[in-house]
Amino acid sequence: MSETFTSVSQEEAGFRERVRLSFDIDADICVIGAGLAGLSIALEAARLGASVAVLEGRHIGWNASGNQLGTVMPGFALPLAELIERIGFEDARELWALSREGAEFVRANATEENMPGIAPSDGVLEVSNVDAGDRLISRLQMLNEDFDTEVEGWQVDRVRALLKTDHYFHGVYYPKAFQVDGRKYVHGLAALARRAGARIFEDTPVVSIDHSGIRKRIVTPSARLRATHIVLAGNIHLGAPLRRLSETLLPVSRYAGITAPLGERVHEIIGFKGAVMDSDGVDHFRIVDGDRLMWESPETTWAARPQRFAGSVKRRIRSIFPQLGNVEITDMFGGATGQTVHGMPQIGQLRKGLWVASGFGRQGMNTSAMAGQLIARSILWGDERWKLFSPFELVWAGGATGRVAGQLVGIWGRASSAAAGSLARYRERARVKDREREARLAEANRAAGTGPRRPPPGVRPRLPSRPAQAAQAAQSVHGETEPAPRDDAVSQ
């Protein structure tokens, strides 16, 4: 069946009355979890002609999927050099190409025609907290030449011309990366899936799963469902029947805030129109609604009310852009993501007819979209590219001990990033002071006429012979004048 793209109305793209599963049904594919990954799978499978049922224990996008900044760009959380080292150059190229396809899946859906009010905009700038210009050259060459990704390297002056802060040095600009309204996208995705024929049931937790046999059985509080394929896309909240899978993920919550309107001054201080993220994964921000600043920074392995972190967001903004003053945070949001030990998403078939799509913490929206395409096309077309993820197996995340360790590692990482940034700025200021001191000394020498004299044009300066240099050195050391040997004596 050919793929079709249907638009959704303003009402469909927002909240609507929830439908619970209250009767027994059969489907080709049952997706557990109505976040970005689960809805992407449902949409792609429904477009390809399968009957799809989505079961969600709460409501669509209630966790991290409905509370993210909406930045879309290729790549994974695992650095590219480490990805190549882990699986080899050619497989890394294929995975990177899949991540680009995921980004294009989001771009094709996130249009004003399909999702009114989605507000797409282009351009993502990754900035460094330290002076790392030399290290960026090989990375830029690799992305451009080997991984077919359009990127530009920005010098410090260009970065600071748009971001009025000395916290950032060099930058990597992705002109084809983009951002959307992340909250609207997840609901727009659900509306598109419904229009394509998928059935989404909210407030329908899964009590048990029997994945043996050709037709799998899923039990909910008020009904049962049978399906040929089950896709586990519930991240860290899959519940008791799938606790072993949930325990392969480290729950990490990130929080973001939106400021009150800041007026024109925010554009004078932040002149970049797209999303900005630092290379250490600490800060992520962009201007929204004309003159408000959306900023994501705090991170913890323990869930908490987002409002508790309003002060942290405010202080972080002030530390980077003190010119903005004491901004007011009017809205806070956040959610828990599942991060894997190996740093890559978990995508593939656990056993015949039982699939997994999870571990998208720090991966970006492109990876959940990529998972939707891979799994739907594998089930319906026999596409086996999901096997590229086979080296990244399910690894236990350490339970409560893992959370404590993760929290400590996060604190240490942010502290080391701050220390490295402070050291880089100190060195930069020291270099500037040295240049200024040298310039003042040179100017004073010129004014006093004591600076080094230049020979007349066309006349080469005569260098003193080595014996003459030795005699001068001896005079400076002993305070005595010794006759320098003549040149003809040297020649003898």
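Remember, predicted model here, so these are calculated numbers, not experimental data.
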Heavy-atom distance under 4.5 Å between the side chains of Arg183 and Phe333, does that happen here?
-> yes
Compare all side-chain heavy atoms of Trp154 with those of His170 and state whether any distance is below 4.5 angstrom.
-> no
Quick one: does Glu56's side chain get under 4.5 Å of Arg20's, heavy atoms only?
-> no
When you measure from the side chain of Glu126 to the backbone N and O of Met277, does any donor-acceptor pair fall under 3.5 Å?
-> no
Check side-chain contact (heavy atoms from CB on, under 4.5 Å) between Ala64 and all other residues, then give those that pass, not counting sequence neighbours.
-> Thr337
When rounded to the nearest 0.5 angstrom, what is the spacing between CG in Leu374 and CH2 in Trp381?
-> 12.0 Å
State, to 0.1 Å, how close Ala53 and Phe201 come at their nearest heavy-atom pair, and which atoms those are.
-> CB-CE1, 4.3 Å
One should read off an interatomic distance between Phe389 CZ and Phe76 CZ, to the nearest 0.5 angstrom, of 4.5 Å
Taking the side chain as every heavy atom from C-beta outward, state whether Val276 and Leu162 have any pair of such atoms under 4.5 Å apart.
-> no
Flag if over 12 foreign heavy atoms under 6.0 Å of NZ, Lys164 = yes
Test item: His167 side-chain N/O and Ser128 main-chain N/O as donor-acceptor pair under 3.5 Å | no
Shortest non-hydrogen contact between Ile41 and Ala371, atoms and distance = CG1-O, 4.2 Å
Among side-chain atoms of Asp383 and Ser378, is any donor-acceptor pair under 3.5 angstrom?
-> no
Any donor-acceptor pair under 3.5 Å linking the side chain of Asn63 with the backbone of Ala336?
-> yes
Would you kindly check if the NZ (Lys) or CZ (Arg) of Arg316 is within the cone defined by 45 degrees around the ring axis of Phe309 and under 6.0 Å from the six-membered ring centre?
-> no
Which pair of non-hydrogen atoms, one from Gly102 and one from Ala369, has the smallest distance, and what is that distance?
-> O-CB, 3.4 Å
Test item: Arg286 side-chain N/O and Leu69 main-chain N/O as donor-acceptor pair under 3.5 Å = yes
Working to the nearest 0.5 Å, report the span between NE2 of His187 and CD1 of Ile118.
-> 10.5 Å
Contacts under 3.5 angstrom, residues 80-97 side chains, donor-acceptor by atom type, not counting sequence neighbours:
| residue | atom | partner | partner atom | Å |
| --- | --- | --- | --- | --- |
| Arg86 | NH2 | Pro391 | O | 2.9 |
| Arg93 | NH1 | Asp146 | O | 2.1 |
| Trp96 | NE1 | Thr149 | OG1 | 2.7 |

Heavy atoms of Ala193 and Leu39 approach each other most closely as CB-O, 4.5 Å
N/O donor-acceptor pair under 3.5 Å between Gln68 side chain and Ser65 backbone | yes
Hey, does Arg107 have a side-chain heavy atom less than 4.5 Å from the side chain of Phe178?
-> yes
Gln346 side chain to Ala357 backbone, donor-acceptor under 3.5 Å = no
For residues Leu388 and Leu98, determine if any side-chain heavy atom of one lies less than 4.5 Å from a side-chain heavy atom of the other.
-> yes
Is there side-chain contact between Val231 and Cys30, with at least one heavy-atom pair below 4.5 Å?
-> no
Does any donor atom in the side chain of Trp295 or His284 lie under 3.5 Å from an acceptor atom in the other side chain?
-> no
Enclosure of Gln155 CD (heavy-atom neighbours >12, cutoff 6.0 Å) = no
Is there a donor-acceptor pair closer than 3.5 Å between any side-chain N or O of Gln323 and the backbone N or O of Ile269?
-> no
dist Ile287:CD1 -> His267:NE2 (nearest 0.5 Å) comes out at 5.0 Å
Short side-chain to backbone donor-acceptor contact, Asp278 and Asp283, under 3.5 Å = yes
Electrostatic pair Glu268:Arg265 at N-O distance under 4.0 angstrom = no
So do the side chains of Leu36 and Tyr185 get within less than 4.5 Å of each other, counting heavy atoms only?
-> yes
Give the intermediate values and the outcome of side-chain contact (heavy atoms from CB on, under 4.5 Å) for residues Val327 and Leu293.
-> CA-CA 9 Å; Val327 300; Leu293 187 59; over 6 Å; no
Shortest non-hydrogen contact between Trp386 and Gly348, atoms and distance | CE3-CA, 3.5 Å
Matching residue for Pro120 among Met115, Gln179, Glu112 - test: side-chain contact (heavy atoms from CB on, under 4.5 Å) | Glu112
Would you confirm whether Thr204, through its side chain, and Glu202, through its main-chain N or O, come within 3.5 Å as a donor-acceptor pair?
-> yes
Within the distance-only criterion (no hydrogens, no angle test), does the side chain of Arg160 pair as donor or acceptor with the backbone N or O of Tyr168 below 3.5 angstrom?
-> yes
Can you check side-chain contact (heavy atoms from CB on, under 4.5 Å) on Phe272 and Tyr173, steps first, answer last?
-> CA-CA 11 Å; Phe272 186 71; Tyr173 175 54; 3.7 Å; yes
Report the distance from atom CD of Gln373 to atom CG of Leu43, rounding to the nearest 0.5 Å.
-> 9.5 Å
Criterion side-chain contact (heavy atoms from CB on, under 4.5 Å) on Thr300 and Tyr255, from CA distance to verdict = CA-CA 9 Å; Thr300 175; Tyr255 303 95; 3.6 Å; yes
Those residues that, when tested against Arg315, pass salt bridge (charged side-chain N to carboxylate O under 4.0 Å, His left out) (two or more places apart) | none
Have a look at Arg292 and tell me which of Thr259, Thr330, Asp331 forms a side chain to side chain donor-acceptor pair (under 3.5 Å) with it.
-> Thr330
Under 3.5 Å side-chain donor-acceptor pair for Asn109 and Asn114 | no
Looking only at heavy atoms, the pair that brings Ile320 and Thr165 closest together is O-OG1, 2.8 Å
May I have the step-by-step check of side-chain contact (heavy atoms from CB on, under 4.5 Å) for Trp355 and Ile379, ending in yes or no?
-> CA-CA 10 Å; Trp355 301 80; Ile379 292 173; 3.7 Å; yes
Cut-off 3.5 Å, side chains only: do Gln363 and Ser368 have a donor facing an acceptor?
-> no
Value rounded to 0.5 Å, distance of CZ in Arg58 from CZ in Arg18 = 10.5 Å
